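Can you keep this structure in mind? I'll have questions shortly.
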2 protein chains.
Amino acid sequence: MDAAVRVLDRVGFHQMRIKDVTHEAGVATGLFYHYFKDLRQLVDEVLDAHIAEFEAVDVIEREVSKGDWFNRLRAHYEICVRVHAEHPGIMRCIAQFSADDPVFRERWKRSFNRRLDLLVEVFPYVFPDCRLSTPEVELLVHGLSGVGKELMAEYYIDRDPVLRQVELSQEAMAEWLAALLYRGLFACNPPAEQLRHAQQILTIRRN
Amino acid sequence: MDAAVRVLDRVGFHQMRIKDVTHEAGVATGLFYHYFKDLRQLVDEVLDAHIAEFEAVDVIEREVSKGDWFNRLRAHYEICVRVHAEHPGIMRCIAQFSADDPVFRERWKRSFNRRLDLLVEVFPYVFPDCRLSTPEVELLVHGLSGVGKELMAEYYIDRDPVLRQVELSQEAMAEWLAALLYRGLFACNPPAEQLRHAQQILTIRRN
DNA sequence: GTTGAAGTTGAATTCAAATTCAACAATAAT
DNA sequence: ATTATTGTTGAATTTGAATTCAACTTCAAC
């Protein structure tokens with residue numbers, strides 16, 4: 001029901017009423033119950049559909065070579081940035097729904113972090129000197145994967161005016177975030193020749 | 001009203017009812033309105049009090065020298081980790097309330113990021129080669145400050161069983177997160193002699 | 001063109017929670 | 001001791017939204 005998407009966009013998850021949806025769709029209130037048990041189910045279906053859509057994009061973009069970590073991270077952030085930039089209303093709703101519902105939160109987190117799972121798997125081969133156990137690596141990657149999450153929310157959903165002073169293309173934002181995560185992970189800069197927008201990051205170093 | 005804290009802890013912000021609170025406090029329903037306009041105001045006051053308390057701790061711990069960035073970051077995370085570990089219910093509630101209410105979200109974010117503001121201010125002196133404008137630096141620091149946020153939520157609030165396999169003291173968690181953020185910021189490891197729990201991070205490097 | 005299944009309506013009903021309030025209790029002020 | 005102020009009660013009322021449902025419409029099948 002795309003009427004639901006428009007309402008979610010406008011009023012958010014917690015303010016949404018059944019009447020809002022049926023009215024937006026131009027049908028009678030009672031009809032709602034032919035299609036959905038309650039609002040929660042509707043929202044669940046709407047968000048699921050969107051998450052599935054995001055994941056579809058995701059599959060398409062898997063052509064990056066396995067060892068090229070910077071470009072993998074970049075691809076990860078390009079997807080994140082795109083869904084934030086193009087569906088800010090849905091993303092806000094996902095955030096609201098997640099804050100409430102642990103089951104949904106888990107589902108969303110998995111979908112989001114799936115692209116980083118490979119990193120957890122191959123960690124021992126990438127960093128052979130490192131004796132961390134798998135759960136420790138998971139913890140590490142989860143810690144790092146927070147890079148940019150709030151920023152994307154503030155920039156694309158809240159449209160924070162201070163941050164908005166910086167005009168960044170989606171590509172540039174993704175590259176910056178990938179570069180920051182890369183530094184956290186490898187303790188060094190990404191290869192300079194792969195930077196298209198964030199060359200300045202190379203100058204962020206203690207002299 | 002500490003009854004409110006217990007209810008928030010138990011049922012969360014959106015499930016909380018006025019009756020829950022008055023019953024928990026052992027008083028009549030109507031009495032609620034002598035003290036508060038509505039639930040939102042109550043929650044607002046409860047959370048405000050806690051945020052103020054967190055900030056008080058925060059002031060006490062300011063004895064770290066200005067140039068010692070790793071220990072500043074560590075102090076920042078020690079406070080974050082402590083409030084998550086010791087007040088998981090409140091933190092969950094803050095997350096829920098933030099997701100809904102942009103005004104509160106802004107207030108919380110400010111309180112959380114205040115300790116990193118210094119970094120934004122002195123950025124041009126720490127990184128003299130870097131020509132980023134103030135809003136760009138703000139964006140950068142916001143991006144990095146996400147390190148560990150979700151992890152703390154999953155570890156201390158949701159108590160994710162996978163992550164819980166790793167037993168970490170509050171100090172150790174803070175040190176790990178500080179080290180990760182440090183790497184993102186400086187593209188190098190923190191000084192080895194300052195590491196008390198996270199020496200292993202030095203081994204996370206490409207050979 | 002008759003039948004029945006599925007879709008559609010919106011007023012009526014139910015429901016849960018918020019809110020009010022008149023009466024009562026405790027305490028302090030004079 | 002009297003009065004005033006403030007705290008407290010919980011049943012009664014109000015509110016606003018969820019939910020039901022009997023009647024109506026479409027439309028495809030035979």
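By convention in this document, chain letters (A, B, ...) are assigned in the order of the sequence lines, proteins followed by strands, and residues within each chain are numbered from 1. This is a predicted model, so every value here is computed, not measured.
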(message) What residues from residues 31-44 of chain A pass a heavy-atom cutoff of under 4.0 Å to DNA chain C?
(response)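 Leu31(A), His34(A), Tyr35(A) - these, ordered by number, are the residues of the stretch whose heavy atoms sit under 4.0 Å from the strand.
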(request) Please determine if Glu150(A) and Lys109(B) form a salt bridge, counting it only when a charged side-chain N lies under 4.0 Å from a carboxylate O. (result)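 No, no charged N to carboxylate O under 4.0 Å.
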(request) Calculate the interatomic distance between His14(B) atom NE2 and dA16(C) atom C1'; express it in whole Å. (result)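 That distance rounds to 17 Å.
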(request) Return the value, rounded to whole Å, for the distance between atom NZ of Lys19(B) and atom P of dT9(D). (result)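 One finds 15 Å between P of dT9(D) and NZ of Lys19(B), rounded.
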(request) Using the six-membered ring wherever Trp is involved, compare the ring planes of Phe13(B) and Phe97(B) and label them parallel, tilted or perpendicular (cut-offs 30° and 60°). (result)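 It falls in the perpendicular class, over 60°.
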(request) Specify the residue among Gly30(A) and Thr29(B) whose closest nucleotide of DNA chain D lies further upstream toward the 5′ end. (result)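 Closer to the 5' end of DNA chain D: Thr29(B).
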(message) Aromatic contact between Phe54(B) and His87(B), with the criterion being ring centroids under 6.0 Å apart: yes or no?
(response)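 When the ring centroids of Phe54(B) and His87(B) are compared, they turn out to be within the sub-6.0 Å range.
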(request) Calculate, to the nearest 0.5 Å, the distance between atoms CZ and CD1 belonging to Phe112(B) and Ile79(B) respectively. (result)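 CD1 of Ile79(B) is found 10.0 Å from CZ of Phe112(B).
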(request) In whole angstrom, give the distance that lies between atom CD1 of Ile18(A) and atom C1' of dG10(C). (result)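 Atom CD1 in Ile18(A) sits about 14 Å away from atom C1' in dG10(C).
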(message) Closer than 4.0 angstrom, basic N to acidic O: yes or no for Arg40(B) and Asp101(B)?
(response)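 Salt bridge between Arg40(B) and Asp101(B), a charged N being under 4.0 Å from a carboxylate O: yes.
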(message) Less than 4.0 angstrom from a charged side-chain N to a carboxylate O is my criterion; do Arg110(A) and Glu106(A) meet it?
(response)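 Salt bridge between Arg110(A) and Glu106(A), a charged N being under 4.0 Å from a carboxylate O: yes.
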